[in-house]
Protein chains: 2
Amino acid sequence: MAVTIKDLAKIAGVSYATVSRALNDHPEVSIETKEQIKKIARENGYSPNEIARGLVKKNTNTLGLLVPDISNPYFPEVAKGVEDRANREGYNIFLCNTGWNTEKEIQYIKTLRDKRVAGIIIAPAASDTYKKVKSLELDNPVVYIGSRSDDRSMSFVIIDNEKASSMATEYLIELGHTDIAFIGGNENSVANEERFNGYRNALKIHGLEREVHIVKGSSFNRESGFNLMSASIKEGRIPHAVVCANDIIALGVIEALESNFYNVPGDVSVVGFDDIAYASLPKINLTTVAQPKYDMGSMAADIVFRKIGARQSGAGNHIVLQPALIKRGTCRKR
Amino acid sequence: MAVTIKDLAKIAGVSYATVSRALNDHPEVSIETKEQIKKIARENGYSPNEIARGLVKKNTNTLGLLVPDISNPYFPEVAKGVEDRANREGYNIFLCNTGWNTEKEIQYIKTLRDKRVAGIIIAPAASDTYKKVKSLELDNPVVYIGSRSDDRSMSFVIIDNEKASSMATEYLIELGHTDIAFIGGNENSVANEERFNGYRNALKIHGLEREVHIVKGSSFNRESGFNLMSASIKEGRIPHAVVCANDIIALGVIEALESNFYNVPGDVSVVGFDDIAYASLPKINLTTVAQPKYDMGSMAADIVFRKIGARQSGAGNHIVLQPALIKRGTCRKR
DNA sequence: AGCTAATTCGTAAACGTTTACGAATGGCTG
DNA sequence: CAGCCATTCGTAAACGTTTACGAATTAGCT
């Protein structure tokens, strides 16, 4: 159907090798024939078959990006970072929404591998993502984003979740809160665990350990935050403050508190995590810890490209960026 | 580097055609050799080269999806719809963020064409997207999502933007507002235009035409909404109500109003468009018109697959879904 | 003129698959 | 036992490119 390089060759009266060279601006073809061939290509609406080209060049100009939930405003931001960076290199990205499901993750990674993507960027769904991926023994460079495994051979770009969470918790402690709860997201998520650890460590350091008020997480979404907080309220457990594993969880938590006539921050202080765009709405005004989402995306892509350049896989690249506590309106002195 | 079908053939002591057939479960190879070959494939970590396969099968199992701004929560939702539907067919999707830029759109489409995607789903950036795309004379099936051109040969899945906008405007009129403003998004966006027309028609029908209070749009984002409303306020133009081309614009509008000490809905009623997830937050509680975002995505993918099945391109498929006015808390009787 | 070197192009192989066609083997029927 | 069909596999071509190698032509130089 589509016009190929051979068709052009027939029209131009040259061999198809010459056509290929002309279109790729090789020096060993004369200016005139180059012009001629390019003209013919234009006139016939020729479009190079990238997949044929990819076969011989062993390069698909394609990256894979796995995110747990593209509906969480955190991820579109990193996706943009990845894509913009990839674009500068002429690469496209496969977006894969894993739904916090490691099965689906592996499924996706396998097809990305079969499609011979040049690299894979993973915002992992759970802690066993790492082993599972490792067991795949991929040839493709992989870089994790948002959380890390302790396997130093893997590359990642993260913020120090634990420290960030500690910062948030200590801020709450400074404000005079002692009964501080943690409401988590997916329990098997590494980021969730790190954030929980940061929270607990901060309490421990300030001698508040016995006050730890854990609400086990379930999912990184509004409903989960709402339900967990509601349940806690129903049990009569009303903490002074709550640190949430996520901004959207925080939104659900606030929703639950206020629908039970607890004022935020009047009665309960709340701090989120991620600083999604909607956290800064005056009506929301959520105190939270910010991550450089876009930059994390572009840096992850950057690492992939470095790995592609350097032929040997080499050691893992590790980038840990600084979080920032954004003090807004959902926390108050007690 | 990677193990190929020929390597497996050598190990198994059969021809590589047999290997191919075995791995694809062709009937003409005996059960035993099939098992044998599959075992060898597993042991050697064989992964089929999809791009080589794609070359001969002329099929990449890949779709392209163009969205203007993945950061607008509307688009991740349709992206999910597209992706989930595509996944059921074993397809992956290239996500392309066009930034409301038709140049970038065309650029993307060209590389998608070169990469021989099976189909392209476009949430167009502007009204001239249609002609530009048409002039590309693509072989790939294309379906538009979110807005249509009058060229009936093109496929699309949309809601009736004009009607939806009319609904919203009439609701405002019913509530007793007469001075109703429209704050738009990107001016050359078709959806924006349709929504503006719906607004104006509603006013006309109710004899309010002279009251039309147009604030020309600039972009589909919060800053734009904020700036336009702020400017209007600065000029002393405080409408009774404002219909926004977008939820995030509405958020910006509300922000501007309230930071100037106008109460919503006490002083000014506001209605948005899209019903993004954050519109339903109690603190936001935005009255808006909802689109079945996820379904629109999956239906668009559906059309693509139908087109792939039917060899001839055929007529355009047109799906127009029903919007729903979601009455929440940002509108009040006057 | 004769030789070398540069320029320009064509031939063919390769990338890793799928698949049409044909060949070999074996079993069955009459 | 001849003939035939079914089963199972191999050979080779094809998909649309890139590129190493070599051939042909021209130009430059002595």
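Protein chains get the first letters and strands the later ones, always in sequence-line order, with residue 1 at the start of each.
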Just to verify, what does [X] make a ring pair (Phe, Tyr, Trp, His ring centres under 6.0 Å) with, not counting sequence neighbours?
X        : value
B/Phe94  : A/Phe94
A/His318 : A/Phe156
B/Tyr130 : B/Tyr144

Interatomic distance where [atom1] belongs to [X] and [atom2] belongs to [N] [whole Å]:
X        : N      : atom1 : atom2 : result
B/Ile51  : C/dC15 : CD1   : C1'   : 8 Å
B/Asn59  : D/dC15 : CG    : P     : 17 Å
B/Ile5   : D/dT11 : CD1   : P     : 15 Å
A/Tyr16  : C/dA12 : OH    : P     : 9 Å
B/Arg53  : D/dG16 : CZ    : C1'   : 18 Å
A/Leu55  : C/dC15 : CG    : C1'   : 4 Å
A/Asp114 : C/dG16 : CG    : P     : 14 Å
B/Lys58  : D/dG16 : NZ    : C1'   : 8 Å

Fill in: Any residue meeting salt bridge (charged side-chain N to carboxylate O under 4.0 Å, His left out) with A/Glu105, in chain and number order, not counting sequence neighbours
none
Worksheet item: By salt bridge (charged side-chain N to carboxylate O under 4.0 Å, His left out), which residues pair with A/Asp151, not counting sequence neighbours?
Response: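 A/Asp151 satisfies salt bridge (charged side-chain N to carboxylate O under 4.0 Å, His left out) with A/Lys134 only.
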Item to complete: Considering only NZ, NE, NH1 and NH2 on the basic side and carboxylate oxygens on the acidic side, decide whether B/Arg113 and B/Asp139 come within less than 4.0 Å.
Response: no
Just to confirm, is there a sub-4.0 Å distance from OP1 or OP2 of [N] to any side-chain nitrogen or oxygen of [X]?
X       : N      : result
B/Thr18 : D/dG10 : yes
A/Thr4  : D/dC15 : no
B/Thr33 : D/dC9  : yes

Practice prompt. Apply side chain to side chain donor-acceptor pair (under 3.5 Å) to A/Arg116 and list each qualifying residue two or more places apart in sequence or on a separate chain.
Written response: B/Ser47
Fill in: Set of residues satisfying side chain to side chain donor-acceptor pair (under 3.5 Å) with respect to A/Ser135, sequence neighbours excluded
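With neighbours one apart ignored, the set is empty.
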Item to complete: Would you list the pairs meeting salt bridge (Lys or Arg N to Asp or Glu O under 4.0 Å) in which at least one residue belongs to residues 89-100 of chain A, sequence neighbours left out?
Response: A/Arg85-A/Glu89
Worksheet item: Does any non-hydrogen side-chain atom of B/Val142 lie less than 4.5 Å from one of B/Met154?
Response: no
Discussion item. To the nearest 10°, give me the bend of the helix from C/dA1-D/dT30 to C/dG30-D/dC1, comparing the axes of its five terminal pairs at either end.
Written reply: 60°
Item to complete: Would you kindly compare A/Ala17 and B/Lys6 by the position of their nearest DNA chain C nucleotide and give the one closer to the 5′ end?
Response: A/Ala17
Worksheet, complete the sentence: Ordered by number, residues from residues 34-42 of chain B within less than 4.0 Å of DNA chain C (heavy atoms) are none
Practice prompt. Scan residues 20-28 of chain B against DNA chain C and write down, sorted by residue number, each residue with any heavy atom closer than 4.0 Å; if none is found, say none.
Written response: B/Ser20, B/Arg21, B/Asn24, B/His26
Worksheet item: Does B/Val19 or B/Lys57 map to a spot on DNA chain D nearer the 5' end, using the closest nucleotide for each?
Response: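 The residue whose closest nucleotide sits nearer the 5' end is B/Val19.
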Practice prompt. Only pairs at least two apart or in different chains count here, so list each ring-ring contact (aromatic ring centres under 6.0 Å, His included) that has a residue in residues 58-91 of chain B.
Written response: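 Sorted pair list: B/Tyr91-B/Phe305.
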Practice prompt. Could you please spell out the steps behind the salt bridge (charged side-chain N to carboxylate O under 4.0 Å, His left out) verdict for A/Asp114 and B/Arg53?
Written response: CA-CA 10 Å; A/Asp114 294 349; B/Arg53 159 180 287 177; over 6 Å; no
